[in-house]
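From a predicted model like this one, the values you see are computed outputs, not experimental measurements. Position 1 is the first residue of the sequence, and the numbers go up from there.
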Amino acid sequence: MAENSENKKGWKKLSDLRKWRVGFFSSLFLLVLARSIGLFQAAEWGALDALLRLRPHEPIDERILIVGIDAQDIEMIGAYPVPDEFFSDLLQQLDKHSPRAVGLDVFRDTPVEPGYDEFRKTLKELPYVFGIEFLSVEIPPPPLPENRVGFSDFLSDADGNVRRSLLGRPGPDGNSYRFSLAIRLAEEYLDYEGISLENGIENPEAMRFGSTELIPFLHNTGGYINADANSQQILLNFRSGPVPFRQVPFRDVMNGTVDPDWIKGKVVLIGIIDEGRKDFVPSNAVGRKENRLPPFGVEMHAHATSQILSAVLDERPFIQSRSEVGEYLLILFSAFSGILLIYRIPLSWRLPYVVLLILVGSGVFIFGAIGYFSILVSWWIPIFPALTIFWLNGFVASNVQWVIAYMQLAEQTSRSRIAEGLRVTRQAYTAMHNGPLQDLAVILRRIDQDAGIGADLCKLDVDIRDLYDNLEKEIRPESPYLYLEKGGPVLDLEDPLHELLYQVYIQTIKRDFPYFQQIKANIVKFEPMRIDSLSIETKRSLCRFLQEVLCNVGRYAEGATRIQITCLSTKKENLISVKDNGCKKSDEAHAVSAQFTGGSGTVHASHLAKCLKGKFIRSPVSSKGTTCELRWPIS
């Protein structure tokens, strides 16, 4: 016995090990496949945006000043596009306070009179002023040498949002190399610090200022999958906080009301900030809280420039990500953790759903915390693949296990109930056999003079004995059949309801009841019925209902010459109706009335109607005849 017990334990351990392996490797394979085709990419982008927004506020970067031209400025100027003379006046006003670099984030590819000549002269006199071009649609720069022009293009992801800064790319002619406005401004500013732009040391293809290399964006950086990593790109590490940079309107600079220290030695960015002009760059990582609009283009250039200056001068890190090997190790660890959560908690503990939710929720919280604290130190750890496989293994798979366990329990309960039903049926038959059937046998032996009564009692004896066989067959789940009488056709309850009811009518009307013989007109109408779903047992009950009503006509409808049977669907309900034109014998009327007003027939019919959310009606038809109807709604 002990050896047998040890064998069972060994087989159980082997079975648990197989379950562990199947769950582990199947979920891991599906997860890796989903990640490799980019199913988690959009979710990771959204998570990165949210984590960047949730970071603590950083102090204002005082090296950057934004001069915005808003709706009030445009109204004051009285023209749009803003004429060149106003930009010339603005640049000369800024020059009084010695900015280190000025970026003009306004397209000036064609003259906007008046003042174009003066504007050209001012640009020539101020060597620290940089203009913009747009490479994507080939909008040329203002009249400036190539080394004082930066492109204003940003790279959008598939969801339309910007998360990367494009630093350099080949020009449209393919023979030149162009730099972004952010690189031009950072280069001009850092030149005063004795720091120049060079190629990287660790990565010769990267850009470098002094000892700070700008970490290039790769095809599979962070949550990206097979992204376009051509040219020089980096992830944007936006400066957090509601006011990352100082911002003043055009009119304040022209009126001389701006603190000169905000301009002296600073990077000044000039751009349009009128919401009606819609110079926005889509981003969910930053925005203005008062109206939830995305940042203006000039603000995005400020973020891109500030990121470079802060990294070089303040050692503020760029956003980095682990290698793909590290990400897959995290996925492997998460899968293993989820599997342990399932298979180390025995099903016999029957943990409540709340406890399971707390356990899985704690794991989800831990992964979220890992992602949040990682972004605080500028590390982007994609958590969705790891979180998903942990959730699948820790919650979904465990629920599948529990569902299987409960299904097995339900099956065992069903078998127990069937066995109990068979036991009760056998006991009932035994009681009938030892009591009424024995008395009936004695009566049959004593009756010789009345052959008719003897034949009826013989038939009753056969019917009672057949009752057990039919009950035993119908209670078994293996065969969803209906046995109306011994030797008759067997009805398959999977068939359409109107066909089943028609077969019940055909079999019942042939039975040897006294008042079926005199019926001369059978008016029947069996049409397909509109039923969303009926169980096998409900179909069985409906067939038994029709059989019982017809049998009552055959037993008690004296003088009936016509019977009308209707089984169909109206617009709102289903109907089973039986009408006859017979009259009841006075000595039998009470029994029949009891059958339908308080007897078992009425109880069963009323219960069936209640289950179907319908109603059962039995009513007389004028002076002769009876109508029995069962109605229930279609839906």
Side-chain angles (χ1 to χ4, degrees), residues 57-74 76-77 82 86-106 119 122-123 125-132 148 150 152 180-195 209 237-275 279 281 286-290 295-314 316:
H57 296 168
E58 296 180 80
I60 291 176
D61 187 350
E62 297 181 354
R63 291 180 290 255
I64 306 290
L65 174 67
I66 296 176
V67 177
I69 302 174
D70 58 18
Q72 188 174 344
D73 290 325
I74 294 174
M76 179 191 70
I77 293 170
V82 177
F86 289 93
F87 285 112
S88 178
D89 294 342
L90 175 62
L91 292 174
Q92 292 173 15
Q93 184 69 19
L94 291 171
D95 185 59
K96 295 178 182 179
H97 306 296
S98 304
R100 191 174 291 188
V102 174
L104 187 60
D105 183 32
V106 180
F119 176 60
T122 302
L123 291 177
E125 293 174 349
L126 304 178
Y128 55 79
V129 176
F130 297 84
I132 61 168
R148 290 174 56 192
S152 64
S180 68
L181 179 62
I183 285 290
R184 292 297 190 191
L185 295 174
E187 185 179 21
E188 181 71 13
Y189 185 93
L190 294 172
D191 186 59
Y192 282 82
E193 308 290 336
I195 302 172
F209 285 100
N237 190 3
F238 298 94
R239 197 168 192 88
S240 62
V243 186
F245 314 107
R246 288 172 175 153
Q247 185 169 311
V248 296
F250 168 85
R251 57 188 176 277
D252 285 359
V253 177
M254 298 305 296
N255 294 334
T257 58
V258 177
D259 188 343
D261 289 338
W262 290 12
I263 303 173
K264 185 176 182 179
K266 305 299 190 295
V267 173
V268 180
L269 277 158
I270 303 169
I272 304 296
I273 58 171
D274 178 13
E275 294 179 4
D279 182 20
V281 177
V286 290
R288 284 163 289 126
K289 292 185 177 180
E290 65 272 11
F296 291 107
V298 67
E299 293 174 327
M300 289 294 281
H301 287 299
H303 280 285
T305 305
S306 172
Q307 173 178 235
I308 299 171
L309 296 180
S310 299
V312 176
L313 300 176
D314 303 333
R316 181 177 182 263

Verdict with supporting geometry, F209 and E187, side chain to side chain contact (heavy atoms under 4.5 Å, CB included) = CA-CA 8 Å; F209 285 100; E187 185 179 21; 4.3 Å; yes
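- F250 places none of its side-chain heavy atoms less than 4.5 Å from the side chain of V82.
- The side-chain heavy atoms of L181 and L269, taken from C-beta on, include a pair separated by under 4.5 Å.
- Counting heavy atoms from C-beta on, the side chains of K266 and H97 never come closer than 4.5 Å.
- Atom CE of residue M254 and atom CG of residue L94 lie 9.0 Å apart, to the nearest 0.5 angstrom.
- Using a 4.5 Å heavy-atom cutoff, the side chains of E58 and P244 are not in contact.
- Of all the heavy atoms in R148 and L126, the pair that sits closest is NH2-O, 2.6 Å.
- Each of R239, E62, R63 was evaluated against F245; a single residue qualifies, R239, per the side-chain contact (heavy atoms from CB on, under 4.5 Å) test.
- For the pair R100 (side chain) and L185 (backbone), a donor-acceptor distance under 3.5 Å is absent.
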Step by step, would you call F119 with L91 a side chain to side chain contact (heavy atoms under 4.5 Å, CB included)?
-> CA-CA 9 Å; F119 176 60; L91 292 174; 4.2 Å; yes
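- The shortest non-hydrogen separation linking D61 to S310 is OD2-OG, 3.7 Å.
- D73 places a side-chain N or O within donor-acceptor distance of the main-chain N or O of R251, the cut-off being under 3.5 Å.
- At distances below 3.5 Å, not a single donor-acceptor pair connects side-chain atoms of D314 with backbone N or O atoms of R316.
- Nearest heavy atoms, E193 versus L313: CG-CD2, 4.4 Å.
- A search for ring-ring contact (aromatic ring centres under 6.0 Å, His included) contacts involving H301 returns F154, not counting sequence neighbours.
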Start with the C-alpha gap between F238 and M300, add the side-chain angles, then the distance that decides, and say whether side chain to side chain contact (heavy atoms under 4.5 Å, CB included) holds.
-> CA-CA 9 Å; F238 298 94; M300 289 294 281; 3.6 Å; yes
Could you go step by step and tell me if I64 and L309 meet the side chain to side chain contact (heavy atoms under 4.5 Å, CB included) rule?
-> CA-CA 10 Å; I64 306 290; L309 296 180; 4.3 Å; yes
